[in-house]
Amino acid sequence: MAFHLQPGYMMDRVLADSDFEEDELYLTLQNIPPPAAAPSMPPTHFLSIARSPFAGPSSSGATLNRGFDTSTVAAADFDVDSKTGFMPPKVPVVRLGGELEVWERIRDAAVGNGEPLTLGVYASNRQQKRSTRWRQDVESMPTLSVKSIQHSEVLLRRAHSVLTFILHFYIHSQPPLTTPQPQPPINIPPCLSVPLIALSKELVLPPILTYSDNVLYNWTLIDPKAPVSISNIAIDATFSLTPSEKHFYITSARIEIVGVEALELMRSCMDEAFIADTTSLRRITDYLHRLARVIDAMAVLLMAVRDECDPHVFFSQIRPWFKGWEPGSREWFFEGVHEEDQKKYSKMSGPSAGQSSLIHALDVFLGVDHTPPKRRDAPGAIAHDSPTFLMMMEMYMPRHHRAFLQHLRGVNQTHVRTLITSGKGSSSVVHQALEAAYDEAVTALKKLRDGHIRIATLYIVSQARKAPANGEAALVSPLAPAKVVDEEVRGTGGTSLVRIYEINAQGQSQGRAIYHHDAPVLDCCWSKDGTKVFSGGMDNSARMFDIRTGAAEQVAAHALPIKSVKWVDIAGGMLITGSWDKTVKYWSTSTISPNPMGSLDLPERVYAMDVSQQLLVIATAERHICIVHLQQPSIIYKKTISPLKWQTRTIACFPEGDGYAVGSIEGRVAMQWVEDKDQAKSYSFKCHRKDLPNTRDGTNVYSVNTVNFHLQQGSTFSTSGSDGNFCFWDRDQRMRLKTFDTAPGPIACTAFNRSGTMFAYAVSYDWSKGYAGMTPGHVNKVMFHMVKEDEVKRKPKK
């Protein structure tokens with residue numbers, strides 16, 4: 001994409017000398033002279049904004065006079081071409097020469113003779129032996145320098161692609177360890193780690209496979225004599241050699257090519273916005289309509305990935321190869337590099353569509369802001385300045401493209417969106433048409449993102465349900481019988497997804513929606529009418545997802561992670577959030593505001609929280625229990641210490657709103673009434689314990705992880721624990737109603753659906769034995785039990 005000068009000026013490219021950082025290009029404006037009517041450029045115009053440097057210092061700290069691909073003026077600006085966009089204008093280099101060719105031979109051997117290496121988790125003994133021999137060949141490579149290619153950006157890119165492919169083959173071809181946690185890191189030999197880290201410093205790009213390696217610089221022309229087009233490109237390198245993998249990459253490449261027109265329309269809009277007269281506004285209106293059509297075409301291409309990319313093949317044979325580090329997995333240890341580099345690069349995300357600069361550019365141009373709102377004005381609140389997932393993905397983009405986005409943010413602050421907002425509500429036909437065109441473009445972008453969520457559901461979430469993997473979460477809808485999830489599914493970039501499923505009367509599940517947080521989710525709940533889902537987690541935020549519209553937005557923020565969220569039908573809808581920052585906050589869900597309706601200071605961090613009727617009960621660290629009447633939510637009505645002697649794990653309010661049940665890590669549950677006059681009713685009992693065989697007094701004691709009341713029966717409640725058991729009890733008769741078969745692992749969370757006809761329970765590791773207990777092979781699934789009336793109904797007294 002070329003940014004053109006206004007009439008009366010010309011642009012010269014000047015190579016940086018020793019006074020500037022490497023690769024930095026400056027623009028000089030020379031008077032030609034301009035016509036008398038030519039407007040003067042304000043300092044905010046994009047031609048007046050100083051360019052961001054193309055690169056940081058080299059690995060040696062020296063300034064390099066590196067050559068560039070300057071086949072177009074745009075390539076000399078931000079490596080964004082007028083014909084190929086963020087993809088290079090010429091076919092990427094397909095092979096390194098000289099002493100570096102050994103890297104090419106090693107990668108060729110990984111897919112030699114049409115038989116690629118097998119993922120370690122699936123490999124047979126014969127396949128493991130072949131993978132072991134290949135890894136030994138990697139370890140015997142010489143440790144080579146990249147100085148011979150420092151002058152060439154295209155050769156550095158090729159080297160990065162080859163070495164990162166080798167890196168992922170090396171890591172993911174290894175069979176999983178069966179030793180107990182903590183497991184040792186995966187050691188990456190110096191012959192691979194040293195040149196890879198050096199390349200990463202030259203390119204200012206992490207030493208891991210990125211979207212640019214898989215898509216932007218991983219193609220060739222079918223017909224070398226024909227120009228680049230969606231029908232004339234083919235993918236060069238894959239892990240699995242499957243048609244599905246090639247089609248998966250080519251889909252993104254085609255979207256990039258179609259998106260070139262979007263970049264040109266953005267440039268035209270900003271040119272016209274500089275003039276901003278009536279004629280310019282009409283032109284911008286037309287450009288925005290055209291932009292919407294281009295984005296629609298990109299969405300069509302995205303959905304076409306289903307044509308030739310099999311979801312099962314993608315999930316089981318493709319996706320595992322390019323995954324980065326994930327929580328709970330072994331760290332990557334780069335041998336032979338500085339300690340600072342090791343800390344910086346030990347935990348990285350794999351390639352993701354979130355690393356596409358094109359999609360980010362559309363967001364920036366249309367003013368779509370994904371950053372959480374500031375909350376400095378809220379009493380006791382702080383600004384939520386942690387980076388979003390999309391912000392973190394920018395570090396995986398080529399540095400020229402990052403500079404382009406930074407530049408676009410600067411020049412776009414006073415242009416198209418400003419024109420829209422300044423004329424909002426205007427009776428002018430021109431402004432109304434402009435606003436409608438802008439809305440059309442934003443709607444098209446939303447549909448594109450919604451399409452990506454649907455693809456993620458089909459290729460990751462649905463496949464994960466068929467083949468359970470890592471993690472667990474449970475959410476039961478008050479409208480549907482239940483939500484069923486088989487794993488904590490993450491996109492390849494590492495997002496924490498919230499999935500919503502529905503179970504029909506025949507017990508069949510169907511995915512309904514999906515959205516994400518920027519960190520693991522700790523709790524979720526529904527609105528009373530079942531149209532909204534609320535979730536809170538480690539990103540210090542709570543989000544609301546509207547089932548009807550598919551829109552997700554942040555509705556709450558804390559200084560530390562949000563441990564518990566509860567929605568109540570008060571004041572048109574209110575979300576209560578409990579955090580490790582020792583506060584509870586109240587947020588309106590009918591009118592979203594950056595400020596809470598109120599807050600409550602607590603003696604310690606929130607561990608559990610529940611609400612019923614007008615009763616809110618909060619359990620914190622150090623066994624504190626705070627009782628609040630929601631008629632006066634800013635006042636603690638009563639503060640007490642748990643009657644159980646060990647750490648509180650769960651708490652649940654009675655349906656009547658006059659008491660609560662509390663469970664601890666010591667296999668005990670206590671029933672407590674709020675008012676002093678009812679304290680004689682309070683009691684506690686032992687549960688989730690197992691006598692040791694062949695001993696007289698030995699007993700294994702397990703944590704009580706959840707307590708849930710059956711809303712129709714009132715007195716009936718469930719408990720579940722680290723022993724893998726769940727039981728139904730009668731509170732008033734102080735008796736157990738039913739004990740069920742032991743699940744294949746600890747039960748981490750449970751819930752009855754609204755009608756009480758189904759009970760969902762999540763089987764996964766609950767960290768009751770700490771990090772050392774997180775060993776491979778843990779079952780991770782959500783199961784459900786169809787509740788029979790005689791299981792929850794009060795038994796007649798004998």
- For the pair Ser240 and Glu245, evaluate side-chain hydrogen bond (donor to acceptor under 3.5 Å, both in side chains) and give the outcome as yes or no after the intermediate values. CA-CA 7 Å; Ser240 64; Glu245 185 174 1; 2.6 Å; yes

- Query: In terms of side-chain heavy atoms, does Tyr170 have a donor or acceptor partner in Glu139 at a distance below 3.5 Å?
  - Reply: yes

- Message: Checking side-chain polar atoms at under 3.5 Å, does Gln355 have a donor or acceptor matched by the opposite partner on Thr210?
- Response: no

- May I ask you to check whether Phe86 and His401 place their ring centers less than 6.0 Å from one another? yes

- Message: Check this for me: does any side-chain nitrogen of one of Glu340 and Lys343 sit under 4.0 Å from a carboxylate oxygen of the other?
- Response: no

- Query: Going by atom types alone, do Glu256 and Ser356 pair a side-chain donor with an acceptor below 3.5 Å?
  - Reply: yes

- Partners meeting ring pair (Phe, Tyr, Trp, His ring centres under 6.0 Å) with Tyr211 (sequence neighbours left out): none

- Task: Answer yes when Asp81 and Lys90 have at least one side-chain N-carboxylate O distance shorter than 4.0 Å, and no when they do not.
- Result: no

- Message: One thing to verify: whether Asp236 and Arg158 come together as a salt bridge, which I'm taking to mean a side-chain N less than 4.0 angstrom from a carboxylate O.
- Response: yes

- Task: Would you kindly say whether His247 and Asp307 are connected by a side-chain donor-acceptor distance under 3.5 Å?
- Result: no

- Item | Ionic contact status for Arg133 with Asp137, cut-off 4.0 Å | no

- Between Arg399 and Asp79, is the closest basic N to carboxylate O distance under 4.0 Å? no

- Relative to each other, are the rings of Tyr459 and Phe248 parallel, tilted or perpendicular (30° and 60° limits)? tilted

- Task: Check the angle between the aromatic planes of Trp321 and Phe239 and answer parallel, tilted or perpendicular using the 30° and 60° thresholds.
- Result: parallel

- Heavy-atom side-chain proximity of Trp332 to Leu167 below 4.5 angstrom: yes

